[in-house]
Amino acid sequence: MSGGALLAAMPATGLGSGLRAPSLAREAEAAGRFYGIAARIDQIESEPGLADIVRRECNCLTHEIDLKWNVVQPGPAHFHFAPADGLVRFAAAHGLAVRGHTLLWEQSTPGWALGALRRRRDWSIVADHFAALLPRYGERIAEWDVVNEPVDSEAGEDGYRRTVFHRAFGPGHVARALREARRHLPRARLMINDYGFDYDNPVEARRRDIMLRMVERLRREGAPLDGVGVQAHLDLSKGPFRPAILRDFLSALAGLGVSITITELDVREHDFAAPIDLRDRRVADEVSAYLNVALAEPAVRGIVTWGLSDRHSWLQEQRPDHVTGDSGPALNRGLPYDADLAPKPLYWAMHRALAGTA
Ligand code: G3I
């Protein structure tokens with residue numbers, strides 16, 4: 001959609017100034033923050049109009065898939081950097097920052113490395129991975145999810161997820177990974193990134209508690225932890241969202257001296273049978289409520305949505321059996337742009353929240 005078409009689509013209660021097309025990045029920047037999306041360079045390059053929207057709306061990009069270990073090194077001696085490099089090049093060409101996602105995540109660890117870690121418990125496997133990736137991008141990537149999803153409410157007392165890294169190196173693997181990353185990146189913001197902190201239920205209460213203790217311990221031990229990524233995969237079946245819970249959690253994190261990025265914001269719908277406008281309003285209201293709390297916390301440096309358009313969302317096969325109609329999987333409507341690249345109520349809700357006018 002062109003800037004002009006986007007202006008035409010603005011609601012009567014319009015937000016932008018003058019005749020400039022609205023931009024989430026511009027609103028974020030005005031408040032000293034960033035707005036970004038998880039993106040794939042193959043989609044940006046192949047879909048007409050997408051690159052223009054990305055350039056206009058974002059001042060930060062993160063790889064949805066292509067920077068992960070199983071993509072960049074599918075075999076011990078087989079490297080595949082082309083798509084990762086492509087997104088970094090696109091970002092550089094248009095003056096966008098890049099968030100690095102992610103260095104250590106069991107789910108995206110290639111089979112050969114999983115096997116080697118189980119057999120040999122040798123840290124050099126991890127160190128070699130960091131050495132292959134981090135100097136390649138250097139300061140082009142200023143913020144990294146060094147360890148992804150280390151929290152597990154079902155794990156032992158310490159709440160560290162029992163991954164292949166935990167089994168090989170113990171709970172100290174998180175601090176060790178941060179130190180390993182720091183050797184290559186003296187200035188980057190090094191983060192741990194996790195989900196399930198958003199709602200008022202016992203599992204998420206325990207997850208918040210574990211994360212706070214993990215951060216406190218890492219900081220006390222002097223690990224180079226600069227920030228926490230709060231994924232924020234919101235879910236309309238889990239509500240109602242209670243602002244005080246998120247507010248207290250973010251403020252407790254900030255009190256431990258770390259910065260915060262909302263790293264993977266989107267909304268999983270619940271009632272697909274409702275009329276579209278009601279579905280869209282529910283999604284927008286959830287994000288409004290969430291961002292009003294998140295953006296009131298000064299330690300929150302930026303917001304990333306896990307994609308831009310519903311067409312590309314990882315949340316696609318959400319169709320309950322009783323919903324009939326068009327063929328194919330039901331599109332979840334949890335991202336700011338719809339499948340035809342038109343902005344939805346969620347987009348305007350994000351606009352208002354970022355502009356501080358919600
Ligand atoms: O493109 C291939 C397709 O050709 C093939 O037929 C199909 C068969 O499985 O796979 C397709 O690739 C999949 C890809 O998504 C594109 O759809 C991969 O298998 C699948 O693993 C990949 O999933 C990604 C996942 O991370 C694992 O990397 C999701 O797109 C991505 O959204 C998701 O992102 C994660 C964050 O990194 C961490 N937090 C949760 C978030 C959502 O799961």
Side-chain angles (χ1 to χ4, degrees), residues 36-47 50 54 58 60-75 80-84 86-87 98-114 129 133 141 143-153 161 163-165 174 177 190-199 203-204 207 211 227-238 260-269 290 302-318 328-337 339:
I37 61 166
R40 291 172 46 174
I41 192 64
D42 56 318
Q43 292 168 350
I44 289 177
E45 285 177 345
S46 63
E47 302 197 17
L50 184 57
V54 171
C58 305
C60 179
L61 296 177
T62 192
H63 301 79
E64 183 182 3
I65 301 173
D66 295 327
L67 201 56
K68 290 168 183 163
W69 194 354
N70 57 345
V71 178
V72 297
Q73 197 181 3
H80 178 59
F81 286 113
L87 195 77
V98 179
R99 287 198 82 249
H101 177 81
T102 173
L103 285 166
L104 278 197
W105 185 28
E106 185 172 52
Q107 279 189 48
S108 64
T109 306
W112 66 265
L114 289 171
H129 167 48
L133 206 54
I141 301 186
E143 181 171 306
W144 271 97
D145 294 332
V146 177
V147 181
N148 195 49
E149 301 178 7
V151 168
D152 182 3
S153 63
R161 187 177 290 281
T163 61
V164 67
F165 307 107
V174 176
L190 304 182
M191 326 225 350
I192 54 179
N193 182 51
D194 219 319
Y195 65 90
F197 305 124
D198 318 301
Y199 290 99
V203 170
E204 299 200 14
R207 294 182 60 83
M211 178 53 100
V228 170
V230 172
Q231 292 187 6
H233 290 294
L234 305 185
D235 185 334
L236 294 181
S237 71
K238 289 189 181 172
I260 300 164
T261 298
I262 306 299
T263 51
E264 304 188 14
L265 178 65
D266 58 10
V267 182
R268 184 188 288 269
E269 288 188 85
Y290 195 91
I303 308 290
V304 175
T305 51
W306 204 242
L308 179 82
S309 144
D310 295 331
R311 188 191 330 176
H312 302 130
S313 173
W314 70 293
L315 294 170
Q316 292 220 351
E317 279 124 49
Q318 304 297 312
L331 275 189
N332 188 79
R333 296 179 63 88
L335 286 170
Y337 277 74

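Atoms within each ligand, like the ligands themselves, are counted from 1 in listed order.
- The shortest separation from a heavy atom of Tyr195 to ligand 1 is not under 4.0 Å, leaving the residue out of contact.
- Distance check on atom 18 (C) of ligand 1: every protein heavy atom falls at or beyond the 4.0 Å cut-off.
- Salt-bridge check for Arg311 with Glu47: passed, with a basic side-chain N closer than 4.0 Å to an acidic carboxylate O.
- With rounding to the nearest 0.5 angstrom, the OG1 atom of Thr109 is 11.0 Å from the CD atom of Gln73.
- Within a 4.0 Å radius of atom 2 (C) of ligand 1, the protein contributes no heavy atom.
- Under the side-chain contact (heavy atoms from CB on, under 4.5 Å) rule, Leu335 has a single partner from Asp266, Leu265, Leu308, Leu315, which is Asp266.
- Proximity of a side-chain donor or acceptor of His312 to a complementary backbone N or O of Gly307 within less than 3.5 Å is not detected.
- Side-chain contact, Ser313 with Asn332: no donor N or O sits under 3.5 Å from an acceptor N or O.
- Contact annotation for Gln107 and ligand 1: no heavy atom of the residue comes within less than 4.0 Å of the ligand.
- Remark: ligand 1 and Asn148 share no N or O pair separated by less than 3.5 Å (distance only, no angle test).
- Within a 4.0 Å radius of atom 8 (C) of ligand 1, the protein has no heavy atom.
- In this structure, atom 5 (C) of ligand 1 has its sub-4.0 angstrom surroundings free of protein heavy atoms.
- Counting protein heavy atoms only, atom 27 (C) of ligand 1 is closest to Lys68 NZ, 3.7 Å.
- For the ring pair (Phe, Tyr, Trp, His ring centres under 6.0 Å) with His101, the qualifying choice from Trp306, Trp69, Trp144 is Trp306, the only one to do so.
- The presence of a protein heavy atom under 4.0 Å from atom 23 (O) of ligand 1 is ruled out.
- In this structure, the side chain of Glu269 engages the main chain of Arg333 through a donor-acceptor pair within 3.5 Å.
- The closest approach between any non-hydrogen atom of His101 and ligand 1 is below 4.0 Å.
- For atom 38 (C) of ligand 1, a protein heavy-atom neighbour is found at a distance under 4.0 Å.
- The shortest N/O to N/O separation between Trp314 and ligand 1 does not fall below 3.5 Å.
- Residue contacts with ligand 1 include Arg40, since one of its heavy atoms falls under 4.0 Å from the ligand.
- When heavy-atom distances to ligand 1 are checked against a 4.0 Å cut-off, Trp306 comes that close only through its side chain, counted from C-beta outward.
- Distance remark: protein heavy atom not present below 4.0 angstrom from atom 11 (C) of ligand 1.
- For ligand 1, the polar-atom distance check against Ser108 finds no nitrogen or oxygen pair separated by under 3.5 Å.
- A cation-pi arrangement is present between Arg207 and Tyr195, with the terminal nitrogen or guanidinium carbon under 6.0 Å from the aromatic centre and inside a 45° cone about the axis.
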Dump the intermediate steps for side-chain hydrogen bond (donor to acceptor under 3.5 Å, both in side chains) on Asp235 and Tyr199, then the final yes or no. CA-CA 9 Å; Asp235 185 334; Tyr199 290 99; over 6 Å; no

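- By the definition of a contact as any protein heavy atom under 4.0 Å away, atom 31 (C) of ligand 1 is in contact.
- Salt-bridge formation is detected for the pair Asp145/Arg99: a Lys NZ or Arg NE/NH1/NH2 atom is positioned less than 4.0 Å from an Asp or Glu carboxylate oxygen.
- Those atoms of ligand 1 that come under 4.0 Å of a heavy atom in Glu149, given as number and element, are 38 (C), 39 (N), 40 (C).
- Leu133 has its side chain within reach of Leu103: a pair of non-hydrogen atoms, C-beta onward, lies under 4.5 Å apart.
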